[in-house]
Amino acid sequence: MLGKGGKRKFDEHEDGLEGKVVSPTDGPSKVSYTLQRQTIFNISLMKLYNHRPLTEPSLQKTVLINNMLRRIQEELKQEGSLRPMFVAASQPADPLSDNFREAQPAFSHLASAPLLPADLVSTMPLESCLTPASLLEDDTFCTSPAVQHDDGAAKPPPPALQAVKDSFSSALDEIEELCPAPTSAEAVAAEPAASDPKAQPSEPDVHNKPEGLPEGRTAEPKLMDPLPGNFEITASTGFLTDLTLDDILFADIDTSMYDFDPCTSATGAASKMAPVSADELLKTLAPYSSQPVTPNQPFKMDLTELDHIMEVLVGS
Amino acid sequence: FLGAGGGNDIQWCFSQVKGAVDDDVAEADIISTVEFNHSGELLATGDKGGRVVIFQQEQENKTQSHSRGEYNVYSTFQSHEPEFDYLKSLEIEEKINKIRWLPQKNAAQFLLSTNDKTIKLWKISERDKRPEGYNLKEEDGRYRDPTTVTTLRVSSSQSLKADFSSSSPSPWLWEKLPLHILNFFFDYETYLSADDLRINLWHLEITDRSFNIVDIKPANMEELTEVITAAEFHPHHCNVFVYSSSKGTIRLCDMRASALCDRHSKLFEEPEDPSNRSFFSEIISSISDVKFSHSGRYMMTRDYLSVKIWDLNMENRPVETYQVHEYLRSKLCSLYENDCIFDKFECCWNGSDRQVEFLIVMTGSYNNFFRMFDRNTKRDITLEASRENNKPRTVLKPRKVCASGKRKKDEISVDSLDFNKKILHTAWHPKENIIAVATTNNLYIFQDKMN
């Protein structure tokens, strides 16, 4: 449980984290980078598909979001069959939730969003994957890969920005070195998209909409129906067709428990999403522990913990 | 920094604030554009409700020489109404995207106002002078001391002179993209309008069609990766204009070269700094505003985090870069999520009526802060537009944001900034040190403290 003790313990970490730049060869930073990328990918998808404007959406915004998605898709393609890895390694989870709490006041309109990831963090030690966007901020997106979690380094070293090499490709190289074999599932950490209060405030939403797509490619056009004409551009960009979302996000997730429509409306029912998300989250949490990743590590969890999580999710 | 006193530093003082006091902002009251006319006597604002409000500066009162004339409401009218596009099932917003003044002709003033779809030319003229009830009252309703009433304010009328919209039909979905740029040609008879994909040239006498001079729409919309974000004519070379893009480039075009200016004469672009590269590099490089300097030798661009000054003779990098709110660089993901990263800040130069250009640039930020950069002294200042702590003729207190580490007294931490309070629109009087700063629904007027 994340209590005061946890916070105290990692205060030093936070001081040391600010402004740090991580060398591309650093292991844990790969996780952060991939997490960042995944988060941004999901946020971007939500922006495009959750948006139900009365007026025409800005073409500039649509184009920029599309470009973002394309870039990420390109990266993933370059990684080939390798799915985005989430190497937790020795990265402690608590500072992330601490940062989450501290980052909260910055964006008051996000405060209303349920503290979903933080709650989960508090109940489970294996929470490093559930990193809300605001949290990842402090890992400095600017210099990717991001923050290095030193052991209580008192003062941050001067940012060593000699990395002439493209940080993206070096990050990719590192990922390849570290994780040659794909894990069974990807976790997605997405801060509740509180920017649109009508949209689903929980990350599971993001999982499920795209997840509906692989179930039937025909579902894809349905997503487009309620959206204004400008979204033709996204429908035909092809970034969804070249790479099935299965490959990117949701391999091997047992979908038998799911009972939902591939979303035809921009806002789905929250209640529908919750049970799905819990299950999925639990599965995606499987590989994450504080030890070096061992793919296909059996997933163990108390039923009581599961109940607690369900309560939190359904209650939100 | 500016305001510290001494020399030629400007000391900004609060002068007036217009608009509702409520914390609850009515959507229609959100100010969407601010523009002084060429003499500075008139100040126009447009809002999301489609209204134009024009303020007029009172003639200086000889007995009150410590301040320049105040701005009071001169005319208010509904410029645009909401429409519904039945084909697309979409509302067409009545929000005024831009206002541009024409030079004064006789007793009448003319301005162009545009929403997403239609540009309108308005004539503002004075009716016969007759005393009105509100001539005897202050803005807030109190009766003025009759002895201070030295001039009669007259009501004004405005009439729609022309309604510009291209009548050419098109099957393309994007034919009628929102018009978000309006800028005047050198001779004030032609003007250009721009949407995300095209720039068109209009003549004031011709209302039903325009000439297309830039078209970046690809044959296959899937290939669209860049849109037009701003455009402006060169102040002295009537055939030259620039337009900026969502990828941080500025293209300079010469209409004499070809009718369709798809080929640029110059391309201004700064190479990316690899150490600052992030997922959001492209988005924050998107240029939200372009303004030529009065001499026409420089131009200023505003992107999400900075203001850049370009020398027209140097295309490969700006000559100066000013950081507006660099502390936001580590918050880009959150700002992406809540859409703030797409906020379009404008920028402006100081007034032009000087032998030597003062060379100060101004732009807005969050938390109702706005920033000024002095190109000569390289000093900058952050000021706040707020009803608190603002007494007339009291010099504004500089503000400071604490990015990290220990927060000093009077500093504000990044996490405490209110990102709903954004200053997107600012304007500088063309001749005097008077500035108009628009918060969400209030208009602030600040003046140089006169000695």
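As the structure is a prediction and not an experimental result, all values here were calculated from the model.
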Could you go step by step and tell me if A/F41 and B/F279 meet the ring pair (Phe, Tyr, Trp, His ring centres under 6.0 Å) rule?
CA-CA 10 Å; A/F41 187 86; B/F279 288 104; over 10 Å; no
Checking side-chain contact (heavy atoms from CB on, under 4.5 Å) for the pair A/S58/B/D196: CA distance, chi angles, key distance, verdict?
CA-CA 9 Å; A/S58 149; B/D196 293 289; 5.6 Å; no
Run the side chain to side chain donor-acceptor pair (under 3.5 Å) test on A/Q60 and B/T229 for me, step by step, so that the C-alpha distance in whole Å, both residues' side-chain angles and the decisive distance to 0.1 Å come before the verdict.
CA-CA 8 Å; A/Q60 177 187 354; B/T229 54; 5.8 Å; no
Between B/D339 and A/K61, is any pair of side-chain heavy atoms under 4.5 Å apart?
yes
Could you list the residues that satisfy salt bridge (Lys or Arg N to Asp or Glu O under 4.0 Å) with B/K421, not counting sequence neighbours?
none
With a 4.5 Å heavy-atom cut-off, do B/S246 and A/N67 have their side chains touching?
no
Cation over ring face, A/K47 and B/Y336, 6.0 Å, 45°:
yes
Supply the atom-to-atom distance B/L224 CG to A/L59 CG, rounded to the nearest 0.5 angstrom.
5.5 Å
Proximity breakdown for B/S286 and chain A, heavy-atom pairs closer than 4.5 Å
side chain
Quick one, A/I65 with B/F342, criterion side-chain contact (heavy atoms from CB on, under 4.5 Å). Give me CA distance, side-chain angles, the key distance, then yes/no.
CA-CA 10 Å; A/I65 298 172; B/F342 299 106; 3.9 Å; yes
NZ/NE/NH1/NH2 to OD/OE distance under 4.0 Å, B/E282 and A/R71:
yes
Pairwise distance CD1(A/I40) to OG(B/S278) - rounded to 0.5 angstrom
7.5 Å
B/E337 CD to A/S44 OG distance, which is reported to the nearest 0.5 Å
10.5 Å
